[in-house]
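Heavy atoms only: backbone and side chains are in, while hydrogens, waters and symmetry mates are out.
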Amino acid sequence: MYSNKTLLFASLICLLAVESINALNANSYKLSGKRKPLATREDATIIEDYKRTKRQLSQPMQEFQAFITTSKGQCASEMGFKANEMEKSLLYEELPTPKEKCMMECILKRMEVMDRDNMLSTPAIGRIADIIGNNNALITSIAMASADNCKKFITAEDPCERAYQINKCIATEMKMRKIKLIY
């Protein structure tokens with residue numbers, strides 16, 4: 001009835017039609033202008049894995065964050081802060097109290113970011129960047145350049161106020177570079 005060439009041609013047309021339909025389904029989000037979701041609700045394991053990996057910090061970052069948290073606890077204890085006062089993140093605090101500014105000084109000095117002369121310590125920033133950045137020279141040089149840049153904006157005489165200015169500059173730099181540490 002039909003020749004082999006006709007059947008082959010008809011099969012090829014059917015195969016192309018099926019592939020076209022599959023391509024349209026796969027690209028339906030592109031065609032609609034919407035973004036494709038990362039995972040469907042039916043597959044909860046993918047969503048849980050995504051959340052875990054997105055929020056997970058590297059081991060050096062976790063260790064440094066733990067050091068910062070410990071330092072904050074020690075400073076709060078020494079300065080007589082109440083437990084509920086410690087919940088506040090001082091890193092991005094816009095209007096800290098004088099007592100909170102002095103707590104910033106204590107934390108920064110424990111981290112050695114603020115030296116005995118109440119100056120921002122570029123070498124300490126370099127050491128921290130080495131730890132967090134796994135000895136990546138580019139990360140370290142950017143961090144040290146940022147610290148040198150911050151020094152230009154630190155003008156206060158009072159140590160607590162200087163700590164606040166250092167803190168504000170560090171927070172701005174970290175936010176710009178999407179580094180997620182808190183204290």
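Remark: Y164 OH to I154 CD1 distance equals 12.5 Å, nearest 0.5 Å. Distance check, rounded to the nearest 0.5 Å: SG of C169 to CG of N149 gives 6.5 Å. Distance check: L120 CG to K152 NZ gives 12.5 Å after rounding to the nearest 0.5 Å. Note that SG of C102 is 9.5 Å distant from CD of E161, once rounded to the nearest 0.5 Å. Here the straight-line distance linking atom CD of E105 with atom CE of M114 works out to 5.0 Å at 0.5 Å rounding.
Closest heavy-atom contact between G126 and T140: O-CG2, 3.7 Å. When all heavy atoms of C150 and I170 are compared, the pair lying nearest together is SG-N, 4.3 Å. When all heavy atoms of F153 and Q165 are compared, the pair lying nearest together is O-OE1, 3.8 Å. Considering every non-hydrogen atom in both R162 and A156, the closest pair reads NH1-O, 2.6 Å. I68 and M111 get closest at one heavy-atom pair: CG1-SD, 3.7 Å.
Using modelled atom types and a 3.5 Å distance limit, the side chains of D115 and S121 yield no donor-acceptor pair. Of the N and O atoms on the side chains of Q59 and E63, at least one donor lies less than 3.5 Å from an acceptor on the other residue. Between the side chains of T70 and Q74, no donor-acceptor pair of N or O atoms lies under 3.5 Å.
For E78, the CD atom is densely surrounded, since the number of other residues' heavy atoms within 6.0 Å is greater than 12. More than 12 heavy-atom neighbours from other residues, nucleotides or ligands sit within 6.0 angstrom of NZ on K101.
M144 and I132 are not part of a single hydrophobic cluster, where members link through side-chain heavy atoms under 4.5 Å apart. The hydrophobic cluster containing F81 also contains L108, counting ILVMFWY residues as joined when their side-chain heavy atoms lie under 4.5 angstrom apart, directly or transitively. When hydrophobic clusters are built by joining Ile, Leu, Val, Met, Phe, Trp and Tyr residues whose side-chain heavy atoms come closer than 4.5 Å, directly or via intermediates, F67 is grouped together with I166.
Considering R110, M103, M104, K109 as possible partners of I107, the one that fulfils the side-chain contact (heavy atoms from CB on, under 4.5 Å) test is M103.
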